[in-house]
Trainee: 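I'd like to ask you about the structure that follows.
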Amino acid sequence: MATNVPVDATALRERQRTDWNRAAAGWRQRAARGGGDTTLTDRLIAMAGIRTGQRVLDLACGVGDPALAIAARVGPAGSVLGLDLTQAMLDGARSLAEERGIGNAEFRRIESEVELGVADGSFDAATCRFGLMFMPDPARGLAAVRRALKPGGRVAVCTWGPPERVPYFALLTAIVRRHADVPPADPEAPGPMRLPTPEVVGGVLRDAGFAAVETDTLETFGQVADTPAAYWGARTEPTGQFASVLAALPEETQRAIREDAIRTLGEMFPDGPVRLGGEVIVAAGMNPG
């Protein structure tokens, strides 16, 4: 599978920046509520070899996951720098850090994932949680991370697995398509399903110059709600994935999709809560220096 399909990188980043700015408030609220699955963050920290006292880079940090957990892991003697394209996401991360009394995490906006604005060889470890598959050229983005690492420094990244193993995306997409002619996403274009296997993700790390590459898979959940109606509302609010797709459909079709989704989710989770996730690919590599 290609990972560097030709795109207008500048235009893509601007679209992503607009989308994620719009989504930031919702992600900030979800992070503040807590209660999510920490398994993935724990695995990233372990595979990156993050230890007390280290300086760590978190690319595509969003509202602070895993940067804030890493800050706790490295302790006061260490530090974390979170980088993201989106100012509103960074504002959310800063406010969460302040609320939690975390003083060793800094958050900074970048124009591009290939120009990080940090000194070469200045970090002990790095992470990128669900950011790699959105990049115009994932290998170039990881090559920039490798340059920022000290020799022997490690990076850990994660992406979603294949659509058929990720009901968090696939189920609701299938429900929408039962009622509307929505074209399928290009699997090779930047997007959540772009790097769906250990072989592909491991190949990107190698292309970026990393050595001793290792991969793993795990199951995690993407979102939880007490009822099917609450779950559907969260996934389709202005910050949700399906908002723009649904907004373009007639109101009658939107109502039919909502009723179908609530009925389907109710059958799947009759006793609640509604919990959908899927397979995640986790991969790590070492900067050979």
Side-chain angles (χ1 to χ4, degrees), residues 20 24-25 27-111 113 115-132 141-142 144-158 205 210 212 214 216 218 220 280 282-289:
W20 290 113
W27 283 106
R28 165 69 172 82
Q29 292 168 7
R30 292 179 193 128
R33 288 195 295 266
D37 186 0
T38 64
T39 303
L40 177 55
T41 293
D42 293 342
R43 186 69 61 87
L44 284 170
I45 289 173
M47 291 183 70
I50 295 171
R51 302 185 302 277
T52 301
Q54 289 187 327
R55 189 179 187 211
V56 181
L57 177 70
D58 182 29
L59 181 59
C61 66
V63 295
D65 187 4
L68 298 178
I70 292 171
R73 179 69 180 87
V74 299
S79 64
V80 181
L81 174 62
L83 301 178
D84 202 278
L85 298 176
T86 309
Q87 188 61 50
M89 287 285 194
L90 295 166
D91 292 342
R94 291 190 188 102
S95 67
L96 285 169
E98 184 176 353
E99 288 177 10
R100 298 174 186 178
I102 296 172
N104 61 336
E106 177 187 355
F107 298 96
R108 187 184 304 167
R109 183 180 178 275
I110 54 175
E111 291 295 330
E113 72 285 346
E115 299 173 357
L116 304 183
V118 299
D120 290 353
S122 55
F123 292 88
D124 300 293
T127 55
C128 183
R129 184 182 191 274
F130 292 134
L132 195 62
L142 279 182
V145 171
R146 183 179 57 78
R147 290 192 295 272
L149 289 172
K150 299 174 182 177
R154 292 179 61 79
V155 66
V157 305
C158 68
L205 282 163
F210 285 97
E214 58 179 312
D216 197 4
L218 58 85
T220 189
V280 175
V282 188
M286 179 190 69
N287 177 22

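Since this is a predicted model, take the numbers as computed values, not measurements.
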Trainee: Listed by chain and number, what are the side chain to side chain contact (heavy atoms under 4.5 Å, CB included) partners of Ala144, not counting sequence neighbours?
Mentor: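 So Ala144 forms a side chain to side chain contact (heavy atoms under 4.5 Å, CB included) with Leu116, Arg147.
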
Trainee: Please find the pair of heavy atoms, one from Ala125 and one from Ala48, that lie closest to each other, and give the distance.
Mentor: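 For Ala125 and Ala48, the tightest heavy-atom pair comes out as CB-O, 3.7 Å.
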
Trainee: Which heavy atom of Ile50 sits nearest a heavy atom of Gln54, and at what distance?
Mentor: CA-OE1, 3.1 Å

Trainee: Under a 4.5 Å cut-off applied to non-hydrogen side-chain atoms, are Leu68 and Phe107 in contact?
Mentor: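 In contact.
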
Trainee: Do Val155 and Thr127 have side chains that approach each other closer than 4.5 Å (heavy atoms only, starting at C-beta)?
Mentor: no

Trainee: Test side-chain contact (heavy atoms from CB on, under 4.5 Å) on Glu111 and Arg109; report intermediate values, then the result.
Mentor: CA-CA 7 Å; Glu111 291 295 330; Arg109 183 180 178 275; 2.5 Å; yes

Trainee: With sequence neighbours left out, write down each residue that passes side chain to side chain contact (heavy atoms under 4.5 Å, CB included) with Ser79, or none if nothing qualifies.
Mentor: Arg55

Trainee: In plain terms, say whether Arg28 and Glu99 are close enough for a salt bridge, that is, a side-chain N and a carboxylate O under 4.0 Å apart.
Mentor: yes

Trainee: Considering non-hydrogen atoms only, spot the tightest contact between Gly82 and Leu90 and give its length.
Mentor: O-CD2, 4.1 Å

Trainee: So which heavy atom on Pro76 is nearest to which on Asn104, and how close?
Mentor: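 Residues Pro76 and Asn104, closest heavy atoms: N-ND2, 4.3 Å.
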
Trainee: For the backbone of Lys150 and the side chain of Asn287, can you confirm whether one donor and one acceptor N or O come within less than 3.5 Å of each other?
Mentor: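 Yes; judged by distance alone, with no hydrogens or angles, the pair exists.
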
Trainee: What pairs meet the salt bridge (charged side-chain N to carboxylate O under 4.0 Å, His left out) rule with one or both residues in residues 58-67, with sequence neighbours excluded?
Mentor: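 Sorted result for residues 58-67: Asp65-Arg129.
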
Trainee: Set out, in order, the CA-CA distance, both residues' side-chain angles and the distance that settles side-chain contact (heavy atoms from CB on, under 4.5 Å) for Cys158 and Leu44, then state yes or no.
Mentor: CA-CA 8 Å; Cys158 68; Leu44 284 170; 4.2 Å; yes

Trainee: I would like to know whether Leu142 and Phe210 meet side-chain contact (heavy atoms from CB on, under 4.5 Å); could you show each step before the answer?
Mentor: CA-CA 9 Å; Leu142 279 182; Phe210 285 97; 4.2 Å; yes

Trainee: Mind listing the closest non-hydrogen atom pair of Val118 and Arg108 along with its distance?
Mentor: CG1-NH1, 4.1 Å

Trainee: Can you name the closest pair of heavy atoms from Gly289 and Pro151 and give their distance?
Mentor: CA-CB, 3.8 Å

Trainee: Drop me the distance from Leu83's CG to Glu113's CD, to the nearest 0.5 angstrom.
Mentor: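 It comes to 11.0 Å.
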
Trainee: Are there over 12 heavy-atom neighbours, none belonging to Glu98, within less than 6.0 Å of that residue's CD?
Mentor: no

Trainee: Which value, rounded to the nearest 0.5 Å, describes the distance between Asp91 atom CG and Leu96 atom CG?
Mentor: 11.0 Å

Trainee: To the closest 0.5 Å, what do you measure between CZ (Phe123) and CG (Leu59)?
Mentor: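 Reported value, rounded in 0.5 Å steps: 10.5 Å.
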
Trainee: Under 6.0 Å from the CZ atom of Arg51, do we count more than 12 heavy atoms belonging to anything else shown?
Mentor: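 12 or below, so no.
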
Trainee: Which residue, Leu81, Asp84, Val80, forms the side chain to side chain contact (heavy atoms under 4.5 Å, CB included) with Cys61?
Mentor: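 Only one of Leu81, Asp84, Val80 forms a side chain to side chain contact (heavy atoms under 4.5 Å, CB included) with Cys61, namely Asp84.
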
Trainee: To the closest 0.5 Å, what do you measure between CG (Asp216) and CE (Met47)?
Mentor: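 Result: 5.5 Å between the selected atoms.
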
